[in-house]
2 protein chains.
Amino acid sequence: MPPTAENRPVWFTDPQPPPATEPLSRERVVAAAIALADADARGEITMRAVAARLGSSTPMSLYRYVGSKDGLADLMVDEVYGEIAVPPGAWRDALRGLGLSAWEAVQRHPWFARLAFSRPPLGPHAIALYDAALAPLDGLDLDAATRMGCVNAVLGPVMGAGLAMLEERAMRAKSGLATEEDLAEAARPYIERIVADGKHPHFIRWVSDPGRLLPGPPTFEQTLEWVLDGLAGLVTPAAGTPGEGAAR
Amino acid sequence: MPPTAENRPVWFTDPQPPPATEPLSRERVVAAAIALADADARGEITMRAVAARLGSSTPMSLYRYVGSKDGLADLMVDEVYGEIAVPPGAWRDALRGLGLSAWEAVQRHPWFARLAFSRPPLGPHAIALYDAALAPLDGLDLDAATRMGCVNAVLGPVMGAGLAMLEERAMRAKSGLATEEDLAEAARPYIERIVADGKHPHFIRWVSDPGRLLPGPPTFEQTLEWVLDGLAGLVTPAAGTPGEGAAR
DNA sequence: CATCCATGGTGTACGTTGTACACGACGATA
DNA sequence: TATCGTCGTGTACAACGTACACCATGGATG
């Protein structure tokens, strides 16, 4: 006689929380969301997936700690801002270190490039980072807009390179193609039609070159150096006229 | 006696298509989607909204012309690629023109910066544009990866600036804040807490400056010029040693 | 000791999204 | 006149974010 709802003893009806999971917390929710976003090729998460990873049966558990999915994204972004550091030193070394540190963080968390560009950097770690990045510019006789412009000129290429990385990862995952050869094979029908078409000879010359997929130059580090060169012209406007701005 | 389903004459039961809309087409679908994305602060669209704009009562009408929402995005992106032009001339003038033309297109269609970074540029307009951008680099003794790197080095800042523009538009729309003063007012609670905290003096010095919201420098045009300066070092490696790569 | 209430996790449910599928209207063709 | 390809519609479903009511528990309070 199998146990029914009536005769079943409490050991069956009261199965007590299976693995006695440790309690939820804002930190655990954010950490789980970051881990999932890191693992996902497109860097996207789902409240249900985050809840499942934490052993919760319903996404509603999370809302006691984060308010909304957007709020969770704010917290994730600020967490990564906390992984970025500005080394001490003169402005050029400091900003180069900022760029390289941010680039490393973006390589660990490609989704950061997408999310950080979609919200104001007002979290505690973000503000601390901007404070550290503005510090070496403070004695240079630059107005406020220019100081912040210097920082953003360094972070801009970082985010751009991160978005490109995210795109490549997503495309690779969607098509299930691991090697460069597989990827080139998948794009072949498109390419061949263009080659057969005969127009666009310069594009054809590019796709026909087997070395076209090599990383660079210009690498990210080189672009960053160019930006720093340009900023040097702002910081010490010796060559041009002092008040010279951009065209527009 | 009001007309019922049985006795009602055909003038009631057969109300014929109200305004006799012109037939759908792939061009009309793409144009409607672009118009909606231009109007939306976040640059996002909905298949239902596109269908409604075309006078259709169901989103399924569109799927006879576009395959999927992602496919529609591909078409939208390629349409904007068609608005970008490369002027004739030497490589530096050509690439500067490319950057400025792309920047104008991104200002018209901020969503382009987000979508173009999320897919390979394989549409006909995109390929024609890349062909035109590669053309002035073809006689310069650069390998294929470097030639494409030059083009992307120009387009990168364009997309970065576009994403920043998109973010500002979205934030402004979400908070319903029109003027700079309103915006500053909304951010005040955050800011004041930080100021009261006392840490982050350089950040405080920045937020306390009324001129911090002025556009620049560095403006987009100035950043573009820096990139072109950097590219000039690649194209004619007279100053440094020829084989010099990036730091890393 | 009985009661209350704050805290934290659950279950159900709703509106919105993309889109699969079957159907109906209609002009061209056989 | 019968058939068929083209075009648009209506219904339906799964997945998403999240509002709301509910229950379990454990310490504070009478």
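To find a chain, count down the sequence lines: A is the first, B the second, and so on, and within it residues start at 1. Just so you know, these numbers come straight off a predicted model, no measurement behind them.
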Engineer: Could you verify whether a donor N or O on one side chain and an acceptor N or O on the other, from A:E83 and A:H125, lie under 3.5 Å apart?
Structural biologist: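 Per modelled atom types, A:E83 and A:H125 side chains form no pair under 3.5 Å.
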Engineer: For the residue pair A:W206 and B:D131, confirm or rule out a side-chain donor-acceptor distance under 3.5 Å.
Structural biologist: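 No, B:D131 and A:W206 have no side-chain donor paired with an acceptor closer than 3.5 Å.
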Engineer: Return the nearest nucleotide to the side chain of B:Y65; candidates are D:dG8, D:dT9, C:dT10.
Structural biologist: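 My answer, after comparing the listed nucleotides, is D:dG8.
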Engineer: When you check the phosphate oxygens OP1 and OP2 of D:dG8, does a side-chain N or O of B:S56 lie under 4.0 Å from one of them?
Structural biologist: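 Negative; the distance criterion is not met.
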Engineer: Could you pull out the closest heavy-atom pair between A:G43 and A:R114, with the gap in Å?
Structural biologist: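 The answer is O-NH2, 3.0 Å.
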Engineer: For C:dT10 and A:S61 - does any side-chain N or O of the residue sit under 4.0 Å from the phosphate oxygens OP1/OP2?
Structural biologist: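 Answer is yes, contact under 4.0 Å.
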Engineer: When you match B:R48 and B:S25 each to their closest nucleotide on DNA chain D, which lands nearer the 5' end?
Structural biologist: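 Residue closer to the 5' terminus by nearest nucleotide: B:S25.
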Engineer: Of the candidate nucleotides D:dT9, C:dG18, D:dC16, which contains the atom at the shortest distance from the side chain of B:Y63?
Structural biologist: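 For B:Y63, the side-chain atoms sit closest to C:dG18.
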Engineer: Hey, are B:R108 and B:D38 close enough for a salt bridge, meaning a charged N less than 4.0 Å from a carboxylate O?
Structural biologist: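 Looking at B:D38 together with B:R108, the answer is no, because their closest N to O distance does not fall below 4.0 Å.
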Engineer: Any side-chain N or O of A:T58 less than 4.0 Å from the OP1 or OP2 oxygen of C:dG11?
Structural biologist: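 For C:dG11, OP1/OP2 do not have a side-chain N/O of A:T58 under 4.0 Å.
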Engineer: Of all the nucleotides listed (C:dG11, D:dG8, C:dG8), which has the minimum atom distance to the side chain of A:S57?
Structural biologist: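 Of the candidates, C:dG11 comes closest.
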Engineer: For the residue pair B:V106 and B:M165, what are the closest heavy atoms and their distance?
Structural biologist: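 Heavy-atom minimum between the residues: O-CE, 3.7 Å.
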Engineer: Compare every heavy atom of B:P121 with every heavy atom of B:Y81, then report the nearest pair and how far apart it is.
Structural biologist: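 Answer, listing the atom of B:Y81 first, then B:P121: OH-CB, 3.7 Å.
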Engineer: So how far off straight is the helix from C:dC1-D:dG30 to C:dA30-D:dT1, going by the axes through five pairs at either end, to 10°?
Structural biologist: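 One end's axis against the other's: 30°.
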Engineer: The side chain of A:M60 lies closest to which of these nucleotides: C:dG18, D:dC20, D:dG8?
Structural biologist: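 So the nucleotide nearest the side chain must be D:dC20.
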Engineer: Where the side chain of A:K69 is defined as all heavy atoms beyond and including C-beta, which of D:dG17, D:dG8, C:dG18 is the nearest nucleotide?
Structural biologist: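 The nucleotide sitting nearest to the side chain is D:dG17.
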